[in-house]
Every structure is written in C-alpha cells, then in structure tokens.
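One structure below.
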Amino acid sequence: EVRTVRSAVGCCDVSTLGKIEVHGPDAAAFLDRLYINTFSTLPVGRARYGVMLREDGFVLDDGTCTRLAPDRFFLTTTTANAERVYQHMQFCHQVLWPGLDVQLVSATDQWAQFSVAGPRSRNVLAKVVAPFDLGNAAFPHMAACELRVSGDIPARLFRLSFSGELAYEIAVPARYGEALAHLLMQSGEAFGIAPYGTEALGAMRIEKGHVGGQEIDGRTSARDLGFGRMMSSKKDYIGRVMAGRLALLQEDRRVLVGFKPVNAQERISAGAHLVPCGVPVLAAHDQGVITSAAFSPSVRHWIGLGLLARGRERMGERVVAADPVRDRFVDVEVCAPCFIDPEGARVHA
C-alpha cells in the first residue's frame with residue numbers, strides 16, 4: 001500500500017477525523033485565542049496547520065483549519081481527540097469568552113472524507129471534480145474550496161497531505177460516502193489506484209516525520225515537537241504563559257528526532273527506551289523513548305520517531321533502543337525526523 005501511494009495513487013477513508021464548524025463574526029478572533037499560531041490572517045479558500053495547547057502549556061491536539069468564508073471556518077482534529085477538543089472549545093466559548101459572537105458545531109459524522117494521495121492523485125481527482133482546475137496555479141498546496149460533484153452533490157476539496165505526497169482530501173455529506181468511494185476507485189483504475197489503510201498511513205507519516213497521538217501524549221510541549229517557531233509572540237492564546245515555564249525551556253528536554261538502526265536488518269520497537277551505548281540498561285540511564293516505529297518500504301529498513309534528551313544536538317550519535325520486554329536491544333543512530341523528500345518537492349508537484 002505504501003509503495004502504491006509513493007509510486008502511483010492510493011485512496012484512504014479519513015472520515016473518522018474530528019470535524020468542527022466554527023461560525024460567526026468573532027470566529028477568527030476565537031481561533032486566534034485557541035491556537036498557538038494565527039488564523040485571523042488566513043485568506044478565504046486556504047487551510048493552515050495549527051496546534052492547540054492545554055491551559056498547562058502542553059500540546060492538546062493538532063490539525064488543519066480551513067477558512068471557507070470571512071466568518072466561517074472548518075477545522076479537523078485527530079480522531080482520538082475529537083470529543084476532547086470540542087469540549088475544550090465549548091468551555092472556552094461558554095466560560096472564558098462568552099462575549100464572543102461565535103457558534104460551534106461538531107460535524108464529525110456529517111461528512112464522509114477521503115484522502116487521495118500519490119503522484120497520480122491529480123489525474124484521479126480531475127475526473128471527479130471536472131471541470132474544476134487542479135493545477136498548481138489555480139489550486140496550490142493548502143488550498144481549499146466548496147464545489148459540486150456528480151451533478152449537484154455538495155463537496156469540499158482540500159489540498160492537504162499527511163503522507164508527504166501530492167495529495168487531496170475530498171468530503172461529501174455522509175450519505176454519499178460509499179458512492180464517492182466507488183467513484184474514486186473507478187476513476188483511478190486507469191492510474192493504478194489502490195485503497196490504503198491506517199497502518200500504511202502511519203508508516204508514511206513516520207517517513208515524513210509527522211507527529212501523531214504517540215508523540216502528542218499529554219507530556220510534550222510545542223517546542224519539544226519542533227513547533228517553537230509557530231508559537232506567536234504577537235497574540236495571547238490558551239497555554240502561552242504556562243508554556244514558558246522554566247522546566248519547559250530546559251536545554252535537556254526530550255525533543256523529537258528520528259532514529260534508524262545501525263544494522264539495517266534489525267527492527268526498532270515503539271516503546272523502547274533510549275540509553276547511551278556502553279552503559280547498563282537501567283532507569284537511571286534512560287534518556288528518552290521511541291514513540292513510533294515502522295518498516296519503511298521507501299528506505300527499506302525500520303525507522304522510528306522518538307523523544308531524546310538534547311536530541312537535536314546529537315544528530316549522528318549512536319544510542320541503544322532497549323526493549324527488555326521483547327528482549328530486543330538495537331543500536332540506533334539519531335537523525336532528522338524526516339526520512340524522505342525533506343525539501344517537500346513531492347507535495348508541491
């Protein structure tokens with residue numbers, strides 16, 4: 001499935017993503033107070049990746065937010081956090097800022113949504129949304145729009161990528177979901193389309209160094225995950241002050257990096273603890289943990305993401321990924337978390 005997406009095109013059901021509609025004259029101001037980055041400057045017809053913090057300064061969730069109109073936004077959350085994020089937003093609206101003129105609606109079950117990813121994804125979508133122009137000039141990366149497909153079915157089209165490939169997400173009202181899935185597969189038959197699942201999606205996001213629920217585990221800050229530059233210094237937002245606590249700014253924080261086995265034949269285990277080479281595997285020597293791991297068909301060996309003390313300063317260093325439960329002790333090299341296409345050429349193809 002991964003090889004098909006990387007070389008041709010694949011289709012994945014992403015309907016389980018949390019979906020929240022935010023409407024009202026103060027919608028942009030409301031979102032500015034929730035996210036670490038700014039959404040009031042987002043143009044209509046564009047999407048932006050955003051990160052929310054809890055009140056204690058740790059990351060709550062991440063996702064994309066699309067501006068469909070000056071007073072209308074559509075945001076997505078991770079599947080597991082859909083309810084938690086919606087409750088958080090309702091609390092902020094009803095308790096913290098009841099004076100803001102904004103309305104929230106959970107729309108997770110209202111839309112069936114599919115990701116179409118791969119170098120031939122534009123060819124497949126072009127047949128579905130014709131005569132809509134999917135060219136880079138008309139519909140660049142992070143663009144979004146509302147349109148009609150198959151006659152008069154309302155749809156939303158987003159140029160978003162979690163796999164790192166040229167990719168789109170298309171949503172229709174839930175009752176049309178099965179029909180759209182069949183239409184996408186039929187339209188993509190000539191281009192070698194294949195369905196892919198969440199395991200393949202997880203492997204591709206690890207290859208690109210994208211964080212998931214294993215990294216956003218309630219104990220990581222935005223800076224730990226490499227989002228420090230996203231944290232606006234021009235506005236206030238939930239968690240801003242607490243994110244600046246001394247403990248969260250320490251230089252020896254465990255931060256996100258990548259790992260690859262020194263011996264390409266060995267397997268990396270998620271959950272393995274990281275200890276320096278040549279020392280006993282003891283809790284006293286624990287310097288981090290592998291949070292996500294997968295076999296990468298693209299680089300043809302196991303790869304992992306994890307949190308390592310002073311990790312960004314230790315590129316090229318070797319440590320041991322110790323997994324006593326499975327009796328697996330693997331020498332790994334610290335590397336950048338993005339394993340393929342670090343320049344991002346594919347997503348802009």
Side-chain angles (χ1 to χ4, degrees), residues 36 49 51-54 56-63 78 80-81 162 202-231 239 242-262 266-277 279 281-296 299 301-326 328-340 342:
I36 66 174
Y49 177 73
V51 175
M52 290 184 188
L53 304 183
R54 302 186 315 217
D56 60 4
F58 289 97
V59 175
L60 169 64
D61 196 57
D62 69 336
T78 55
N81 281 338
F162 196 50
M204 288 187 284
R205 72 96 178 165
I206 295 171
E207 290 179 338
K208 285 299 296 181
H210 293 160
V211 298
Q214 297 93 323
E215 290 75 41
I216 304 176
D217 64 354
R219 298 176 294 176
T220 48
S221 71
R223 295 182 182 89
D224 296 341
L225 300 178
F227 300 140
R229 295 177 62 181
M230 288 176 58
M231 303 175 71
M242 296 297 278
R245 286 177 290 169
L246 183 61
L248 299 188
L249 302 176
Q250 294 293 327
E251 293 182 356
D252 60 352
R253 290 281 301 178
R254 297 181 177 189
V255 297
L256 182 74
V257 288
F259 298 92
K260 55 186 178 181
V262 175
E266 293 190 293
R267 175 174 181 165
I268 300 176
S269 300
H273 285 263
L274 301 166
V275 298
C277 293
V279 303
V281 179
L282 300 173
H285 299 144
D286 186 3
Q287 295 186 339
V289 64
I290 302 288
T291 53
S292 302
F295 179 81
S296 167
V299 299
H301 59 70
W302 281 81
I303 58 174
L305 301 177
L307 301 165
L308 178 66
R310 298 178 179 267
R312 299 187 189 109
E313 305 170 13
R314 301 169 66 175
M315 295 297 168
E317 182 180 331
R318 294 183 178 184
V319 295
V320 176
D323 186 356
V325 173
R326 299 176 181 85
R328 189 177 293 153
F329 302 86
V330 181
D331 288 350
V332 296
E333 180 182 323
V334 183
C335 60
C338 182
F339 294 89
I340 66 167

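Every value quoted in this text rests on a predicted model; they were computed, and no experiment measured them.
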Looking only at heavy atoms, what is the nearest atom pair of [X] and [Y], with distance?
X      : Y      : value
Ser292 : Arg205 : OG-NH2, 2.8 Å
Ala203 : Phe295 : CB-O, 4.3 Å
Met315 : Cys335 : SD-C, 3.2 Å
Val332 : Ala321 : CG1-CB, 4.1 Å
Arg326 : Ala270 : NH1-O, 4.0 Å
Gly244 : Leu249 : O-CD1, 3.4 Å

Interatomic spacing from CG in Asp323 to CZ in Phe329 - rounded to 0.5 Å: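 Here the rounded value is 7.5 Å.
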CG on Asn81 to CE on Met52, rounded to 0.5 Å: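 It is 10.0 Å, given to the nearest 0.5 Å.
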Set of side chain to side chain contact (heavy atoms under 4.5 Å, CB included) partners for Ser296, sequence neighbours left out: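 Testing Ser296 for side chain to side chain contact (heavy atoms under 4.5 Å, CB included), a comparison that skips the adjacent residues, returns Glu207, Ser298, Val299, Ile303.
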Side chain to side chain contact (heavy atoms under 4.5 Å, CB included) involving Ser221 - partner list, sequence neighbours excluded: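 Ser221 satisfies side chain to side chain contact (heavy atoms under 4.5 Å, CB included) with Arg223, Asp224, Arg253 once adjacent residues are dropped.
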If we ignore hydrogens and angles and just use 3.5 Å, is the side chain of [X] paired with the main-chain N or O of [Y] as donor and acceptor?
X      : Y      : value
Arg54  : Gly218 : yes
Arg267 : Ala294 : no
Arg314 : Gly311 : no

Between [X] and [Y], is any pair of side-chain heavy atoms under 4.5 Å apart?
X      : Y      : answer
Arg245 : Asp56  : yes
Val330 : Val320 : no
Phe259 : Leu305 : no
Val211 : Ile216 : yes
Thr78  : Asp62  : yes
Leu53  : Leu60  : no
Arg318 : Asp331 : no
Glu333 : Glu317 : no

Test log, rule side-chain contact (heavy atoms from CB on, under 4.5 Å), inputs Val319 and Val275: CA-CA 6 Å; Val319 295; Val275 298; over 6 Å; no
Given Arg254, Gln214, Glu215, the one that forms side-chain hydrogen bond (donor to acceptor under 3.5 Å, both in side chains) with Thr291: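 Testing each of Arg254, Gln214, Glu215 against Thr291, the sole residue satisfying side-chain hydrogen bond (donor to acceptor under 3.5 Å, both in side chains) is Glu215.
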Donor-acceptor pair between Gln250 and Arg310 side chains, under 3.5 angstrom: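 Note: Gln250 and Arg310 side chains miss the donor-acceptor criterion.
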Heavy atoms of other groups near Arg328 CZ, more than 12 under 6.0 Å: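 Result for CZ/Arg328: enclosed.
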Residue Arg219 excluded, over 12 heavy atoms near CZ under 6.0 Å: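 No, not enclosed.
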Validation row, ring centre Tyr49 to ring centre Phe162 under 6.0 Å: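 No, ring centres 6.0 Å or more apart.
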Verdict with reasoning, Leu307 to Thr220, per side-chain contact (heavy atoms from CB on, under 4.5 Å): CA-CA 9 Å; Leu307 301 165; Thr220 48; 3.6 Å; yes
